[in-house]
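In each ligand, atom 1 is the first atom listed, and ligand 1 is the first ligand listed.
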Amino acid sequence: MSHQTSGNELDALLNKMKSAVSPVRGILRELHEKFLPTLDGKVADYIPELAKADPRWFGISIVTRHGQFVEVGDFRQMFTIQSISKPFVFGLALEDHGRDDVMRRVGVEPTGEAFNAIVLDESSNRPFNPMVNSGAIATADLIKGRDFPERVSRMIAMFGRYCGRQVHLDNTVFMSERLTGHRNRAIGHLMLNFGMVGERIEDSLELYFQQCSIQVNCHDLAVMGATLANGGVNPITGERAIEARYVKDLLSVMLTCGMYDYAGEWAYRVGIPAKSGVGGGIVAVLPGVAGIGIFSPALDPKGNSVRGLKVCEELSTRFGLHAFESTPGAESLLAELQPSSR
Ligand code: GLU
């Protein structure tokens, strides 16, 4: 095969890929342009490091379960994962203990309470679900390891499998989280009082502060979402991040409890399993299809990224992505993103 021919073949393939990806890229560009001027909301400021975020940052990334991706805007900008870590650590706890044992420590009921409420289910003393701080701390307490360093490295390694790269903490955010985390400590000790967590609660809180401080970008979030969309296997590295049987556990709690006190309305209007964090990220999962990562740090009063909500709402409507859509559109999104080389 001459150099000329292989060059032409490559061009033809690239063109085919471009034409397949461009309608979705076009829509992402359009949404990015449309919502870029939206300056509503406020960046989180409960610790000074988060207040330094630039409210103009805005990135969107979609990664399919075949590993194709389209992304626009500030998709490389790093930020801390914060509460988006919660469903993934819940997954590790499920792998470590199984469904029944985990359910003894944390429920799956949505709560109308704030994410950091100091409240447990009165009849069972369990935290309501793994997406609120109490449930996430109880979940972090379940992560196994011979000692604390091993528990932390298992948690970090798990995020590395989802992202397809080694992940790192933002040390300044971590130090501030632990310096100011009195409310989370109070929650931890209340659960210790009720026997919902063990004596190693201080270590578990430390692990929780660390998981919140992991640095990701919007591309990472989309790959993490795509991994769940792909039955637990990272579509880019081919590495399994979580046992297939637990993927639905994560997606269910994301759908019912993932978006703070907006979770019910989110399920109603958008209908896509998702989790947001106060760093400004949102991960959303179209099962069997793709992961979506959005980053825009200005938050609404409930703690969700203002632009992130708008993008998801519009994507859901335009493509018919709601889980209970009578004419589902998610497959057509996958078809559009697939290189048409066959
Ligand atoms: N580190 C935060 C806390 O525990 C997480 C907040 C969030 O993203 O919801 O308060």
Check: What residue and heavy atom of the protein are closest to atom 7 (C) of ligand 1, and at what distance?
Finding: Ser83 OG, 2.7 Å

Next item on the list: Kindly confirm or rule out an N or O of Ser276 lying under 3.5 angstrom from an N or O of ligand 1.
Entry: no

Item checked: Structural part of Cys212 in contact with ligand 1, heavy atom criterion under 4.0 angstrom -> side chain

Margin query: Please work out, at 4.0 Å between heavy atoms, whether the side chain, the backbone, both, or neither of Phe209 comes within that distance of ligand 1.
Written below: neither

Check: Is the NZ or CZ atom of Arg307 both under 6.0 Å from the centre of the six-membered ring of Phe35 and within 45° of that ring's axis?
Finding: no

Checklist line | Lys/Arg cation over aromatic Phe115: Lys302, 6.0 Å, 45° cone | finding: no

Margin query: Tell me whether ligand 1 is touched by Asn116 - counting only heavy atoms on the residue side and a distance under 4.0 Å.
Written below: no

Checklist line | Contact partition for Asn184 relative to ligand 1, non-hydrogen atoms under 4.0 Å | finding: side chain

Notebook entry, point to check: Minimum heavy-atom separation for Gly67 to Pro235, with atom names?
Noted result: N-CB, 3.8 Å

Notebook entry, point to check: Do Lys86 and ligand 1 have an N or O pair less than 3.5 Å apart?
Noted result: no

Notebook entry, point to check: Which heavy atom of the protein is the closest neighbour of atom 4 (O) of ligand 1, given with residue, atom name and distance?
Noted result: Tyr208 OH, 2.6 Å

Margin query: In the structure I gave you, are the side-chain heavy atoms of His219 and Phe295 within less than 4.5 Å of one another anywhere?
Written below: no

Notebook entry, point to check: So which protein heavy atom does atom 1 (N) of ligand 1 come closest to, and at what separation?
Noted result: Gln82 OE1, 2.8 Å

Check: Just distances here: any N/O of Phe115 and N/O of ligand 1 closer than 3.5 Å?
Finding: no

Next item on the list: Please name the pair of heavy atoms, one in Asp170 and one in Thr80, separated by the smallest distance, quoted to 0.1 Å.
Entry: CB-CG2, 3.6 Å

Note to self: Side chain, backbone, both or neither: which applies to Arg183 and ligand 1 if a contact is any heavy-atom pair less than 4.0 Å apart?
What the structure shows: neither

Next item on the list: Please check if any side-chain donor atom of Glu49 sits under 3.5 Å from a side-chain acceptor atom of Ser176, or the reverse.
Entry: yes

Item checked: Pairwise side-chain contact, Val152 with Gln210, heavy-atom cut-off 4.5 Å (strictly under) -> yes

Check: Going by atom types only, do Glu202 and His189 share a side-chain donor-acceptor pair under 3.5 Å?
Finding: yes

